[in-house]
There are 2 protein chains.
Amino acid sequence: MSTDSTQAQPLSDKAEQILNGAMQEFLTHGYAGTSMDRVAATAGVSKATVYSHFGDKQGLFSALVQQLAQQKFARLFISPEQLPTHNLREVLENMANTMLDNLIHDSDYQAFIRLMIAESGRFPELAQTFALHLAKPGIETLTRQLSSFEELNLPDPEATARIWIGALVHYVIVQEMLQGKDIMPMERDRLVDAMLHLLSTNSKLNN
Amino acid sequence: MSTDSTQAQPLSDKAEQILNGAMQEFLTHGYAGTSMDRVAATAGVSKATVYSHFGDKQGLFSALVQQLAQQKFARLFISPEQLPTHNLREVLENMANTMLDNLIHDSDYQAFIRLMIAESGRFPELAQTFALHLAKPGIETLTRQLSSFEELNLPDPEATARIWIGALVHYVIVQEMLQGKDIMPMERDRLVDAMLHLLSTNSKLNN
DNA sequence: GTCTATAGCGGGATAGAC
DNA sequence: GTCTATCCCGCTATAGAC
């Protein structure tokens with residue numbers, strides 16, 4: 001019973017508690033807007049304990065970002081294995097919709113993206129951590145998937161993957177984060193259809 | 001000479017000084033990271049003067065964002081009138097490159113985008129102001145331009161415009177802001193070429 | 001290791017002279 | 001209208017008891 005297994009391994013229970021509290025606070029209030037008092041209160045520990053584990057506020061933030069990038073949000077927001085291609089159009093449509101669903105319905109994920117963009121000027125190394133563990137694998141995975149569809153005849157699958165992801169991420173940023181859906185509504189199906197139309201030209205993928 | 005025209009109208013000289021100082025500070029340090037003391041110092045006025053003009057910190061921030069959205073950054077980042085279409089491919093290439101140049105070389109514009117995304121959760125009305133005065137006109141302008149190129153045969157020009165802009169903006173966010181260019185480099189010409197390739201399929205626009 | 005208590009400073013905001 | 005001087009609170013960080 002000493003090494004109880006309700007939680008685990010590299011981090012002490014207290015460290016994990018602290019990181020959980022820190023996640024809530026930093027995702028909600030940003031770096032400068034977060035106080036160490038409230039992190040400690042949310043985590044249910046004293047402020048001194050926070051400092052003894054992470055040194056200072058920057059250290060805590062850095063540890064949090066690396067944990068979030070490498071663990072909590074590392075699952076790609078692209079649908080993983082697809083049913084062997086019945087209909088290529090349906091497969092592509094599913095991929096886009098899965099990615100949009102995951103982004104739109106995960107407010108923590110949106111808050112993390114927002115936080116990383118917000119602090120990218122002041123913490124460039126952490127921004128790069130985000131790029132390395134989230135943006136890069138996402139692009140690589142989609143590049144591989146697009147490459148595997150030979151009917152698409154894509155001359156540059158990686159650049160095409162960036163266009164695809166950029167279109168979807170920008171859609172979520174503008175419509176959801178920047179409140180664009182009220183003043184410039186656009187159904188997501190139109191975006192996905194237009195994307196598929198662009199992909200369909202040099203291929204056998206016709207409506 | 002009383003109504004001197006070097007500057008103008010709705011704002012006093014002092015108010016403009018203050019907004020200039022506020023712009024530097026908020027763009028550099030974010031909302032929570034900006035202190036009213038430094039805004040006053042940067043603007044060259046006393047703190048009390050700042051408060052007498054704008055009420056409180058939120059009021060100043062709100063006034064600043066609205067000014068930036070409606071004036072300083074309202075010029076669209078898309079090339080305006082194009083040489084009558086010699087070669088459609090060249091025209092589209094120029095449009096994309098002009099937009100990328102404007103985004104990449106205007107660090108104030110990047111900082112403004114970053115700030116709006118950063119504060120969109122805490123100031124949703126201001127985020128919407130940004131969407132209304134910048135994102136929406138940008139999309140509308142590009143939509144009109146794409147619609148005018150009948151050879152492209154686009155079934156949904158507005159959705160296509162969003163894909164185009166999303167691809168370019170996302171490229172700048174990932175490569176420039178998030179420092180992706182070091183760990184996942186991609187020349188901008190590849191992105192633009194891939195975009196033009198996608199557009200070229202149902203049209204006479206061939207390489 | 002973790003707590004309570006506090007130091008020391010900078011924040012937003014205002015009073016009152018001019 | 002604009003300044004100087006100041007209030008008071010909350011912040012990061014630490015000392016010292018346990």
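Quick note on labels: first sequence line is chain A, next is B, and so on, each numbered from 1.
Shown here for B:I183 and A:K136, the closest heavy-atom pair between the two residues is O-CE, 3.2 Å. Between A:I18 and A:V39, the shortest heavy-atom contact is O-CG1, 4.4 Å. For B:M23 against B:L68, the heavy-atom pair with the smallest separation is SD-CD2, 3.6 Å.
For the pair B:A48 and B:Y51, both in contact range of DNA chain C, the more 5′-proximal nearest nucleotide belongs to B:Y51.
Put simply, the side chain of B:R122 gets close to the backbone of A:T28: a donor and an acceptor are under 3.5 Å apart.
DNA chain C lies under 4.0 Å from no heavy atom of any residue of residues 28-38 of chain A.
Counting 5' to 3', DNA chain C first comes under 4.0 angstrom of a heavy atom of chain B and last does so at the ends given by C:dG11 to C:dA15.
Sparse packing is recorded around CD of B:E187, with 12 or fewer heavy atoms of other residues, nucleotides or ligands lying under 6.0 Å away.
Residues B:F112 and B:F130 place their aromatic rings such that the two centres sit under 6.0 Å apart.
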Contacts table for residues 157-164 of chain A: side-chain donor-acceptor under 3.5 angstrom, sequence neighbours left out:
from, atom 1, to, atom 2, distance (Å)
A:T160, OG1, A:D156, O, 2.9
A:R162, NH1, B:Q175, OE1, 2.7
A:R162, NH2, B:M184, O, 2.8

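Counted by atom type alone, A:T42 and A:E25 present one or more donor-acceptor pairs between their side chains at under 3.5 Å.
As judged by a 4.0 angstrom heavy-atom cut-off over every strand, A:K47 is placed among the base-contacting residues.
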